[in-house]
Amino acid sequence: MVGVIWIVALVLATFTVAYVGYGRYLSQFVGLDDSRETPAHKYQDGQEYVPAKKPVLLGHHYSSIAGGAPVVGPITAALVWGWVPAVLWVAIGNPLLGAVHDFVSLSSSLRHEGKSIGYIIGEYVGERGKNMLLWFAFLLTILVVAVFALVIGVVLNAYPSAATASLLYVTLAFVFGVWLYQLGLPFSVGTVVFVAGVFASVWVGIQYPLAIVPGDYPAGTIVLFDSALFFPELLESANIGAWVLVMLVYGAAASILPVWMLLQPRDYLSSFLLYTGVGGSLLAVIVGTFVTGMGTDAVHPETGAQLSFDMTTGAWYGFFGASGPLAGDLPLMPLFPLLFLTIACGTISGFHSLVSSGTTAKQLNKETDAKLIGYGGMLAEGLLAAVALCAVTVVAIPAATGGIGLALPNFATGGGAILTALGIPFEYAAPFMALVLASFLLTSMDTAVRLGRYMLEEIVGTPETQVESYAANRYVNTSVIAVVAFFLLASGRWEDLWTLFGGANQLLASLALLTGTIWLANWDQSKQLISTGGPMALMGFITTIGLLWTGLYQILGGRLLGITADAETGLLGQASAVVQLVIIAVLIGLALSLFKIGYDNMTTARRTGDGLTTDVGSDDD
């Protein structure tokens with residue numbers, strides 16, 4: 001059998017070459033210059049614009065962008081089409097598309113006062129284009145919140161120990177924020193104390209696992225309520241539904257707090273979990289392959305067989321996944337275009353442009369930090385996708401009987417088994433990897449709510465009516481995001497919601513690349529536009545086709561008409577299907593209009609020089 005070391009070797013090789021070579025070229029191309037004052041210093045307000053040390057900001061940025069999608073997507077893709085197409089798209093697409101997207105989004109925001117991509121495109125194509133992009137981004141944030149809240153619920157239900165550890169980790173982050181920003185105590189001492197506390201929370205979680213309603217849990221699990229009460233069942237589990245409600249309330253509350261109180265300290269602390277989980281897994285693959293092998297306690301949870309670093313997932317299951325473990329349990333899944341929508345954030349993600357231009361650009365201390373945080377941060381997310389592929393290939397529990405409820409625990413189970421090569425007991429390694437995944441998800445979800453609030457506030461601008469005043473109110477708009485996200489979850493099918501999220505997410509990535517391309521075209525007529533324009537055109541085409549497939553084949557033909565799948569029989573399910581179909585139509589309409597407006601602006605700027613400004617970039621190429 002081929003070992004997972006080949007996945008690690010391929011990804012590490014392509015990413016290293018890309019960061020050293022292409023990352024350096026892009027830094028020179030946009031003229032990163034530390035003599036420029038960044039928005040974090042220029043507009044420092046203690047609330048949103050707060051300069052952060054490079055490791056702190058990298059922790060926030062990486063934690064915010066690396067959510068559950070680069071885990072769920074590659075796992076699902078490997079089980080549908082095989083591990084070869086999944087790893088090739090991650091290894092090649094990430095440095096040429098995704099990392100370019102993140103870096104350009106961050107760099108363009110730096111040159112526009114830390115404003116969002118909506119504001120930036122509005123500078124060149126007008127208020128109409130700005131509002132169209134902001135509405136697109138706002139709809140996406142609702143999908144992100146819904147998807148990530150559900151994934152968190154799945155993880156905490158599968159690993160009650162991670163639920164306890166997650167609650168402790170969020171509490172520690174609050175205290176760390178007070179330690180740093182209110183008491184002014186030493187940063188290095190606090191790092192040692194609170195990072196140790198986060199790792200200790202894993203042990204506490206194993207001793208005192210937590211669930212909300214009764215279910216099939218490990219012995220000794222603390223159950224808060226004796227019955228399911230009013231909690232809805234999601235993926236046939238009331239406990240998942242309960243955790244989703246808790247997470248939506250948490251996300252809304254966390255998004256309102258000042259960044260110093262929770263966002264910065266929590267993301268910094270979680271970065272140690274993430275670096276240890278991802279870096280430790282990659283190291284364990286290398287050490288385990290050539291030196292130690294997996295620990296004897298790393299056994300398959302269903303068969304009890306000893307696990308190894310050999311791949312048990314097939315390399316290729318066919319264009320439609322006809323020979324794969326999920327054949328017959330999902331709608332018809334053609335590799336093109338659905339592979340790209342399924343893997344999503346492991347290669348390229350439009351949500352990252354919202355993070356880069358929404359929170360990260362407002363905290364960047366020096367311009368040159370953008371290479372590591374923007375370009376390097378996306379490569380690090382690709383490493384997470386590689387770890388997910390390694391985990392699923394060595395465990396390979398098909399998700400057919402439990403959908404995402406079984407696919408996600410593959411990451412913790414397989415990742416924990418891989419870590420045993422470093423001598424870590426499996427009973428600790430698997431819950432630790434579950435906490436790693438939960439920490440990714442928590443940071444991404446509440447960051448998405450915060451970004452959704454930013455989008456709506458930018459759309460409203462200065463309120464002139466009572467309705468606009470309510471829409472601009474942070475308490476009202478965060479509540480709206482949480483409620484709509486829950487509606488999509490409570491009434492929709494997971495496979496439709498995931499492909500809808502993936503398509504919308506990557507179509508936004510194409511629009512963010514469009515924004516960067518417009519910026520470059522208006523900056524200097526000599527700037528080449530291939531680095532951003534090529535990925536923009538490719539992802540725009542792929543995702544438009546993918547969304548049309550999802551809307552016409554899966555939702556209209558299946559859920560509503562009953563031609564390609566069983567039709568929805570409940571009123572709530574039918575209403576959800578209609579809402580999702582409308583969202584697809586609106587997203588495609590907005591995107592096509594923006595592509596037309598952007599193309600007209602770029603051709604005009606290149607032909608006549610109209611609109612070229614002197615303050616959008618540097619004179620350096």
Side-chain angles (χ1 to χ4, degrees), residues 1-13 70-88 90-91 155 158-159 202 206 276-317 321 323-326 346 382-402 406-437:
M1 295 291 290
V2 177
V4 296
I5 186 66
W6 293 109
I7 293 178
V8 174
L10 176 62
V11 172
L12 286 178
V71 174
V72 183
I75 284 177
T76 305
L79 292 173
V80 175
W81 298 287
W83 65 265
V84 168
V87 72
L88 286 178
V90 171
V155 173
Y159 282 90
V202 177
I206 293 173
T276 302
V278 176
S281 297
L282 295 174
L283 177 63
V285 169
I286 297 171
V287 173
T289 299
F290 297 108
V291 183
T292 64
M294 282 190 184
T296 56
D297 59 339
V299 297
H300 196 290
E302 289 188 351
T303 66
Q306 171 70 42
L307 294 173
S308 71
F309 285 100
D310 291 335
M311 291 183 178
T312 57
T313 301
W316 172 243
Y317 291 131
S323 61
L326 301 189
L383 293 178
L384 174 61
V387 169
L389 285 169
C390 291
V392 70
T393 54
V394 301
V395 179
I397 304 173
T401 57
L406 283 182
L408 275 175
N410 265 338
F411 177 77
T413 304
I418 288 172
L419 286 179
T420 61
L422 299 179
I424 303 173
F426 184 63
E427 64 174 319
Y428 290 98
F432 170 74
M433 291 301 288
L435 177 59
V436 169
L437 179 55

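Atoms considered below: every heavy atom in the structure, side chains included; atoms not considered: hydrogens, waters and symmetry mates.
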Pair V278-L282, side-chain contact (heavy atoms from CB on, under 4.5 Å): steps then yes or no: CA-CA 6 Å; V278 176; L282 295 174; 4.3 Å; yes
Kindly compute the distance separating CZ (F411) from CG (L437), expressed to the nearest 0.5 Å.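 Here the rounded value is 6.0 Å.
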Rounded to the nearest 0.5 Å, how far does CG of L307 lie from OG1 of T296?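 So the gap between those two atoms works out to 11.5 Å.
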Ignoring hydrogens, what is the shortest heavy-atom contact between [X] and [Y]? Give both atom names and the distance.
| X | Y | value |
| --- | --- | --- |
| A78 | V392 | CB-CG1, 4.0 Å |
| G415 | A391 | N-CB, 3.6 Å |
| C390 | V8 | SG-CG2, 3.9 Å |
| A434 | Y159 | CB-CG, 3.6 Å |
| I75 | A388 | CG1-O, 3.9 Å |
| P85 | A315 | CD-O, 3.6 Å |

Find out whether [X] and [Y] are in side-chain contact, i.e. whether some heavy atom of one side chain is under 4.5 Å from a heavy atom of the other.
| X | Y | value |
| --- | --- | --- |
| L383 | V387 | no |
| V285 | F309 | yes |
| F290 | I5 | yes |
| W81 | T76 | no |

Could you tell me which residues satisfy side-chain contact (heavy atoms from CB on, under 4.5 Å) with A86, sequence neighbours excluded, listed by chain and number?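 Only A77, I343, L389 meet the side-chain contact (heavy atoms from CB on, under 4.5 Å) criterion with A86.
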With sequence neighbours excluded, what pairs up with V202 under the side-chain contact (heavy atoms from CB on, under 4.5 Å) test?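 Testing V202 for side-chain contact (heavy atoms from CB on, under 4.5 Å), a comparison that skips the adjacent residues, returns I206, F432, L435.
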Show me the donor-acceptor pairs, under 3.5 Å and distance only, between side chains in residues 416-425 and residues at least two apart or in other chains.
from: T420; atom 1: OG1; to: G295; atom 2: N; distance (Å): 2.9
from: T420; atom 1: OG1; to: A417; atom 2: O; distance (Å): 2.5

Please assess T289 against W6 for the test side-chain contact (heavy atoms from CB on, under 4.5 Å), listing each intermediate value before the final yes or no. CA-CA 10 Å; T289 299; W6 293 109; over 6 Å; no
